[in-house]
Amino acid sequence: MKAWSFSTESHPRAERAEAWREAMSLLGLPIEGLSDAEPAAAQVVCLTSPLGIEFALVEAGAQTISGRLSGQPAAVWLAVLLHGEATLVTDELAVSVATGDIAFGPTGQAAALRLDTRSRLLFVRAPRVALDHRLIRPFNLRVGWLDGSKGVPRILSDLLRGTAEELENLSVDQLRPVDLALTEFLAQCLIEQGAGASDVFDPSAPTAHLQRLCQTIETLLPDAELSLRRVANEEGVSPRYVQKLFASANETFSHYLRSRRLERCRIDLASPQHARLSISEICFRWGFNGSAHFSRAFREQYGLSPREFRHASEEAASADLASAQTSKLSAEISGFPIG
């Protein structure tokens, strides 16, 4: 897990504005409205999780985070306001962001988050590859905001604010369940936000039914006997209706079930927390009936056998540790101390 921190206090006064711009650019957050005169004290703490989700705790004075940086991978960004006053501005809206509210959008789309006072925020950047398995029916995501005072967005807001409070103390293993919970809640919020052209989310719409089915499947993944009829019975609908819902998203029940089980196994194989579990134990705990079938399906999905993938993950973790130690030394020399 990559970690770094920055404070303008570690730079000479004349260099603080430019150093702050550079630090924010590392987060993919170009800023405007900051004079070359000494800015108000500003700081950032950043962690990158095992799933590649970036968490950055930012505290800064009034300024505008705006613009687009080229070459960024496809991702969804979030910004939850922890303290202060801010305004989200796009070509289509200008809305005041209250404490606990969540601004969001895809990378590469124009938007501005104006900090009207000294503010504290948690920025999150989640790669689309970490979300696509939950966005079973893709839609054109646009910049928007979530009211953090009610419904699922409130749960997501509480999760993000709690993460912000403990960010500097979290370990890799402690951040891993945050990863998984974040992707689930974020996917739900985005699906509701993009359910239709209107702002009203119709709980009877096919997209909503499909999402509910996917949530039911998620809770039943460890059951090796899980069937189409079992899921249909859980939801009080016919198996044929379940098949039609998946077909509307160019998907099938059996393929989706296998993909979700494989993804859970992949996460466990890459996790140091489950290093003591054998590959067979991992495949059985997520509902596969045999290790040979699991290995074939895993290679088909990811291009490596489970054993090869686990070995590659262990080597990558060792390389990341060595890189982090080197980066720490370089960061200290250049004025970016690691927290």
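Hydrophobic clustering (side-chain heavy atoms under 4.5 Å, transitive across Ile, Leu, Val, Met, Phe, Trp, Tyr) keeps Leu221 apart from Phe284.
Residues Ser295 and Pro306 have side chains in contact (heavy-atom distance under 4.5 Å, counting atoms from C-beta outward). Between Leu156 and Leu182, some side-chain heavy-atom pair lies under the 4.5 Å cut-off. Between Phe123 and Leu113, the closest side-chain pair of non-hydrogen atoms falls below 4.5 Å. Thr163 has its side chain within reach of Leu170: a pair of non-hydrogen atoms, C-beta onward, lies under 4.5 Å apart. Within the 4.5 Å cutoff, side-chain heavy atoms of Arg299 are placed close to those of Glu308. Within the 4.5 Å cutoff, the side chain of Val44 has no heavy atoms near those of the Leu26 side chain.
Here Phe55 pairs with nothing under the ring pair (Phe, Tyr, Trp, His ring centres under 6.0 Å) rule; sequence neighbours left out. With sequence neighbours excluded, no residue forms a salt bridge (charged side-chain N to carboxylate O under 4.0 Å, His left out) with Glu15. Residues passing the salt bridge (charged side-chain N to carboxylate O under 4.0 Å, His left out) test with Arg266, sequence neighbours excluded: Glu263. Legend: residues meeting side chain to side chain donor-acceptor pair (under 3.5 Å) with Arg264, ordered by chain and number and at least two apart, are Glu218. Residues forming a side chain to side chain donor-acceptor pair (under 3.5 Å) with Arg229 (at least two apart in sequence, or on another chain): none. For Phe294, the ring pair (Phe, Tyr, Trp, His ring centres under 6.0 Å) partners two or more places apart in sequence, or in a different chain, are Phe288, Phe298. For His311, the side chain to side chain donor-acceptor pair (under 3.5 Å) test picks out Glu315, with sequence neighbours left out. Every residue two or more places apart in sequence or in another chain was checked for a salt bridge (charged side-chain N to carboxylate O under 4.0 Å, His left out) with Arg296, and none qualifies. Residues meeting the side chain to side chain donor-acceptor pair (under 3.5 Å) test with Ser149, sequence neighbours left out: Asp147. Under the rule for a salt bridge (charged side-chain N to carboxylate O under 4.0 Å, His left out), the partners of Asp268 that lie at least two apart in sequence or sit in another chain are Arg285.
Within the model, atoms CG of Leu82 and CG of Leu160 stand 9.0 Å from one another, a figure rounded to the nearest 0.5 Å. Rounding to the nearest 0.5 Å gives a distance of 5.5 Å between OG of Ser119 and CG of Leu81. Here the CD1 atom belonging to Ile282 is positioned 5.0 Å from the CG atom belonging to Leu277, to the nearest 0.5 angstrom. Atom CE of residue Met24 and atom CD of residue Gln63 lie 6.0 Å apart, to the nearest 0.5 angstrom. Taking CD of Gln43 as the start and OG1 of Thr8 as the end, the distance is 8.0 Å to the nearest 0.5 Å. Note that CG of Leu257 and SG of Cys214 are 10.5 Å apart. Values are rounded to the nearest 0.5 Å.
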Check residues 84-93 and write down every donor-acceptor pair under 3.5 Å in which the side-chain atom is one partner and the other belongs to a residue at least two apart or another chain.
| unit_1 | atom_1 | unit_2 | atom_2 | d |
| --- | --- | --- | --- | --- |
| Thr87 | OG1 | Arg114 | NH2 | 3.2 |
| Thr87 | OG1 | Asp116 | OD2 | 2.8 |
| Thr90 | OG1 | Glu92 | N | 3.0 |
| Thr90 | OG1 | Leu93 | N | 3.1 |

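For the residue pair Asp101 and Ser96, the shortest heavy atom distance occurs at OD2-O, 4.4 Å. The nearest pair of heavy atoms linking Trp20 to Ile31 is CD1-CD1, 3.3 Å. For Ser10 against Ser7, the heavy-atom pair with the smallest separation is OG-O, 2.7 Å. When every heavy atom of Thr64 is checked against every heavy atom of Ala112, the shortest pair comes out as CG2-CB, 4.0 Å. In terms of heavy atoms, Ser313 sits closest to Ala270 at OG-CB, 3.7 Å. Shown here for Ser5 and Val45, the closest heavy-atom pair between the two residues is CB-CG2, 4.1 Å.
A donor-acceptor pair is defined here as one N or O able to donate and one able to accept, closer than 3.5 Å; such a pair exists between the side chain of Ser157 and the backbone of Gly100. A distance-only check finds a donor-acceptor pair linking the side chain of Trp77 to the backbone of Gly105 [under 3.5 Å].
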Thr183/Ile53 under side-chain contact (heavy atoms from CB on, under 4.5 Å): CA gap, chis, key distance, verdict: CA-CA 10 Å; Thr183 55; Ile53 299 176; 4.0 Å; yes
Verdict with supporting geometry, Val58 and Leu27, side-chain contact (heavy atoms from CB on, under 4.5 Å): CA-CA 10 Å; Val58 175; Leu27 300 175; 4.1 Å; yes
Chi angles and distances behind the side-chain contact (heavy atoms from CB on, under 4.5 Å) call for Leu57, Arg120: CA-CA 7 Å; Leu57 184 60; Arg120 193 165 183 257; 3.3 Å; yes
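Listed by first and then second residue, the salt bridge (charged side-chain N to carboxylate O under 4.0 Å, His left out) pairs involving residues 235-248 are Arg212-Glu235 (not counting sequence neighbours).
In this structure, Glu165 does not pair ionically with Arg161, as no charged nitrogen and carboxylate oxygen lie closer than 4.0 Å.
Counting non-hydrogen atoms of other residues, nucleotides and ligands closer than 6.0 Å to CZ of Arg118 gives a total above 12.
The aromatic rings of Phe253 and Phe246 stand perpendicular to each other, their planes meeting at an angle above 60°, with 30° marking the opposite boundary.
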